[in-house]
Amino acid sequence: MTSVLGVFCTVMAFVFIWPQVIRVYRINSVEGIATKGTLQSLAGAGLWSVYAVAKWNFPLLVSNIAVGSAFLLIVVAQVRHRVMKVPPLLGIIVGVTAVGAALAITNPAITGWVAIAISGTSFVPQTIHVLRSDALRGVSLTMYLLLILTAVSWCTYGFLIHDFIVSAPNFIIIPCGLVVLVKAWSVRHAAV
């Protein structure tokens with residue numbers, strides 16, 4: 001059961017973020033996408049990758065490489081649209097590399113807890129942004145629906161493999177995803 005769920009979680013991690021990437025590039029807009037949340041998500045994917053290597057968890061590693069790559073594409077669009085500057089991006093990359101390497105050498109569990117703190121809260125800036133704005137053209141409804149399904153899957157997988165660190169961030173991601181999905185859907189459908 002855990003092997004099948006691990007594969008499902010990996011596939012969902014590959015799938016959930018790409019509707020957002022596609023929307024950003026298709027409509028050529030990052031409107032409604034919080035830059036702080038994107039940077040946090042990118043940092044979180046990096047730390048989760050370090051944790052996955054330390055724990056020899058292949059589904060977690062592959063998933064976070066895919067998620068990190070997708071968030072990097074969103075960051076590139078945000079830089080191109082001048083809503084994000086390059087120095088913070090470089091700071092995140094250097095910081096995650098340094099912190100991740102240091103934590104992995106000392107204690108993989110600490111890496112996991114730091115990854116929870118960063119990635120688990122990475123959807124909070126987006127949620128706050130969405131609650132304050134009706135300019136949500138760039139937000140993908142499909143992505144947030146898939147995000148919720150992915151988070152529920154990872155939460156379940158973490159419980160099944162007895163690794164609370166894998167489950168924990170989803171207790172924040174699920175409600176944030178629901179808020180963003182409902183608000184973006186209601187804004188988009190109120191305009192129709």
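Throughout, numbering of the chain's residues begins at 1 and tracks the sequence. These numbers come from a predicted model, not from an experiment.
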Closest contact, heavy atoms only, [X] versus [Y]:
X    : Y    : value
A151 : I174 : CB-CG1, 3.5 Å
V67  : A45  : CG1-CB, 4.3 Å
Q40  : I118 : NE2-O, 3.0 Å
P169 : S119 : CB-OG, 4.3 Å
A184 : L141 : CB-CD2, 3.5 Å
I27  : G138 : CD1-CA, 4.0 Å

Minimum side-chain heavy-atom gap [X]-[Y] below 4.5 Å:
X    : Y    : result
W154 : V166 : yes
Y51  : I165 : yes
L149 : L145 : no
S49  : V53  : no
N170 : V152 : no

Distance (rounded to the nearest 0.5 Å) between [X] [atom1] and [Y] [atom2]:
X    : Y    : atom1 : atom2 : result
I22  : L73  : CD1   : CG    : 10.5 Å
Q126 : L131 : CD    : CG    : 10.0 Å
I148 : F16  : CD1   : CZ    : 11.5 Å
S133 : I128 : OG    : CD1   : 13.5 Å
N64  : F71  : CG    : CZ    : 10.5 Å
C176 : L147 : SG    : CG    : 9.0 Å

Sequence neighbours left out, cut at 3.5 Å: what donor-acceptor pairs do the side chains of residues 75-92 make with other protein atoms?
from : atom 1 : to  : atom 2 : distance (Å)
Q78  : OE1    : T38 : OG1    : 3.3
Q78  : NE2    : I33 : O      : 3.3
Q78  : NE2    : T38 : OG1    : 3.3
R80  : NH2    : N28 : OD1    : 2.7
H81  : NE2    : N28 : OD1    : 3.1

Checking side-chain contact (heavy atoms from CB on, under 4.5 Å) for the pair W48/I116: CA distance, chi angles, key distance, verdict? CA-CA 8 Å; W48 276 116; I116 288 170; 3.9 Å; yes
Hydrophobic clusters here meaning ILVMFWY residues chained together by side-chain heavy-atom distances under 4.5 Å, can you tell me if [X] and [Y] are in one?
X    : Y    : value
L61  : I17  : no
V15  : L5   : yes
V179 : W185 : no
M12  : I65  : no
L146 : V21  : yes

Could you check whether atom CH2 of W18 has more than 12 heavy atoms from other residues, nucleotides or ligands sitting under 6.0 Å from it?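 More than 12 heavy atoms, drawn from other residues, nucleotides or ligands, come within 6.0 Å of this atom.
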Flag if over 12 foreign heavy atoms under 6.0 Å of CZ, F171: yes
Parallel, tilted or perpendicular: which describes the rings of F164 and W113, with under 30° parallel and over 60° perpendicular?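 Rings of F164 and W113: tilted, as their planes differ by 30° to 60°.
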Counting N and O atoms only, with roles assigned by atom type, does the side chain of R23 sit under 3.5 Å from a partner on the main chain of T142, one being a donor and the other an acceptor? no
Quick one: does T2's side chain have a donor or acceptor within less than 3.5 Å of a partner on L160's backbone? no
Considering residues at least two apart in sequence or located in another chain, which fulfil the salt bridge (Lys or Arg N to Asp or Glu O under 4.0 Å) criterion with K183?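 For K183, the residues satisfying salt bridge (Lys or Arg N to Asp or Glu O under 4.0 Å) (neighbours in sequence not counted) are D134.
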